[in-house]
Every structure is written in structure tokens, then in C-alpha cells.
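Not measured: the values here are computed from a predicted model. Labels below follow one simple rule: chain letters A, B, ... track the order of the sequence lines, proteins then strands, and each chain is numbered from 1.
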Number of protein chains: 2
Amino acid sequence: MNKTGHISTSELAKRGGVNLQTIRYYERTGLLPKPPRSGSGYRQFSPESVRRVRFIKRAQELGFSLKEIKELLALRIAPGSTRAEVRKRAESKIQDIDGKVEHLRAMKKALVQLTDSCCGNGPASNCPILESLSLDKERK
Amino acid sequence: MNKTGHISTSELAKRGGVNLQTIRYYERTGLLPKPPRSGSGYRQFSPESVRRVRFIKRAQELGFSLKEIKELLALRIAPGSTRAEVRKRAESKIQDIDGKVEHLRAMKKALVQLTDSCCGNGPASNCPILESLSLDKERK
DNA sequence: TTACACCCTGTACTTAGGTATAGAGTCAAG
DNA sequence: CTTGACTCTATACCTAAGTACAGGGTGTAA
């Protein structure tokens, strides 16, 4: 960050933990707002952009696509969207999250069982426990 | 499923909720074991394959890559891996999962705040709450 | 005033994860 | 004994999400 309080593209990339080109890609696709430019055309990102980039990466690791992440980032009362409408979209995202947490919990339980009992002290076995991980409710 | 207890490729696809070609793709890449074939070369999947396909899709939604999913499915005591080694790998997967859950929880909290306070009855605001979602510990 | 480390745009390439299509065989029902 | 709904392989194509140049400008320190 220089004395003007802005950071360069490569600095944002470094601090956000992504490739330089990825920053420009995010800008092109609207995930990052277009930053102001210096006289010679250099991008001037605000230091807060770092948090945004990290948020994007983290959300991706949680299985959200860039499109979904854009929706998440758009969740605010902008001109043209009512509070009720924003609330509805947010609640649907919350449900997505709850679903993910539930599946992760089931997965963890299976893994804990694997380490605890199956790999405890008993005799070696095949223990295909993950495949019995069935939240599936057999909808046919 | 026919009287032999096997299901066809297209049936597996249907019941697993994926495209027909995806089944063959999973087989090629080793996510599904090569099934036995009928006299005329038709694949004969066991009904349990359905669970496996669904597990793969679910794990993908949770942000695991097919490579990671393959590792998850390989977590068992196979000849050539010791119990201690399997346990170590499983524990590392459990940590992945705990990390994901933690991030999801933080994300949910931010969304709940968004719906509760920001979009409650107060005046409309810009409320960029998601960007202040910072678990980041500013490692520089 | 030039060397070097930056920055820009535009375009092309890559990888993961599928999907589609062509061309040919299988099999049960009419 | 043919028609229609399946199956197979091989190959080509597609989208998402980057990533890598090429060709050129900028800025500063020696």
C-alpha cells in the first residue's frame, strides 16, 4: 500500500492469495468492482478488496460457484430491490448453508467412526464405511 | 434392476441423478470400479453403486474435487496401507471438514445478521455485511 | 538515459468436469 | 424378421475458472 492508501493489482493478488491474472479476471466478470485508475491507467484497489478476494476463495472451497458468490456479494439493499426481496434471497442462501453443514456433519461422523472403531485395535478389515454414508432417503 | 440384481448404466445414471455419460466418465477416471459385464458387453452395476454416485455428487457440492473424493473413497485398509496410515489420512480429512463447517457457520452468521437487523424494520441501507466477514487473521 | 521492475490490453492456452454425437451391436415385442 | 429402445466405443465438443504470453507503456534509481 502506498501513501495514497491504494494497493496495486499484484499486491492485491499477493495478499488475496491468488494469481495476478485472476484479479483481472474477477474484475472482468464483475466479482470485483472496477477500481479507479491512476493517471497512467494503473488500477488502484482499496485495501478492503483483499477481504473480498479472500471471501471469494473461501466460498469457492465451500462449493459455491462464482455465479453463486456474485449473488452472495449482491445481497444488500440496492436501488431496485426491496428489503423483503433481499431477505428472501438471504434466507434461501442460509438454507443452502444449513444443507451443506448437515452433509459435512454426516461425512465427519462416518470418518470419525472409521478412525475410532474400524482402525482402532481390532483386526484389519475392509471397512467401506463411507459408502454406507447414506442420507439418501431413497427417493425413487 | 432386473432379476439378476444388477442395474444398467442408464438406470444408475437416473437413480444417481447424473448424466449417462457421467457414469462412464466416473468409471474411466476410477471413481467407480469397473463393473462386471454381461455376455454382450453391457455393464452390470450393483445397486449399491447408486449410493456411491450420490456420495460423489454430494461431496462435490461441498467443495471437494474429484481427486479429493477419490481419496475419501480410498480411505479403508487396503493391502499395502497400514491402519495407522489410514487413520492419519482420515484425520486430515476430518480437519478439512471442520474447517469448512467453521467457515460456513461464519457465513451463515453474517447472513442471519443481514436478514435480522439490516433488513428488519430500520431504514434501507447499503449494509455490505458479507464483506466484513473476516476470519482472516490478517497474516501478512 | 538506460536498465529494471513494474503496469496495461488483448488474445490464446489450460485444466477439471463433464456432454454430445457418430457408428455399430443387442434384444424383446409385434 | 423387423422396429424401437436400449447398449457399446471412440472421439469431439463444451463450460467454468483460471493462467500465460506478446507487445507495449511507466517510473525510478544508478
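- When every heavy atom of A90(B) is checked against every heavy atom of L114(A), the shortest pair comes out as CB-CD2, 4.1 Å.
- Using a cut-off of 4.0 Å between Lys/Arg side-chain N and Asp/Glu carboxylate O, K57(B) and E61(B) are scored as not salt-bridged.
- Taking only side-chain nitrogens and oxygens, R37(A) comes nearer than 4.0 Å to OP1 or OP2 of dT9(C).
- The side chain of S38(A) contributes no N or O atom lying less than 4.0 Å from OP1 or OP2 of dC7(C).
- OP1 or OP2 of dC8(C) has at least one side-chain nitrogen or oxygen of R43(A) nearer than 4.0 Å.
- Contact check on E68(A) versus K93(A) returns no salt bridge, with no Lys/Arg side-chain nitrogen under 4.0 Å from an Asp/Glu carboxylate oxygen.
- Q60(B) has no side-chain polar atom (N or O) that falls below the 4.0 Å cut-off from OP1 or OP2 of dA16(C).
- Contact check, K57(A) against dA17(D): no side-chain N or O comes under 4.0 Å of OP1 or OP2.
- Taking for each of G41(A) and S65(B) the nucleotide of DNA chain C with the nearest heavy atom, the 5'-most of the two is the partner of G41(A).
- Sorted by residue number, the members of residues 20-29 of chain B with any non-hydrogen atom under 4.0 Å from DNA chain C read Q21(B), T22(B), Y25(B), Y26(B).
- Between dC6(D), dC7(C), dT26(C), one nucleotide has an atom nearer to the side chain of S40(B) than all others, and that is dT26(C).
- Look at T9(B) and you'll find a side-chain N or O under 4.0 angstrom from OP1 or OP2 of dC8(D).
- Distance, N19(B) CG to dA20(C) C1': 9 Å, rounded to whole Å.
- Separating the CD atom of Q44(B) from the C1' atom of dT7(D) is a distance of 12 Å, rounded to the nearest angstrom.
- The NZ atom of K67(B) sits 9 Å away from the P atom of dA16(C) (whole-angstrom rounding).
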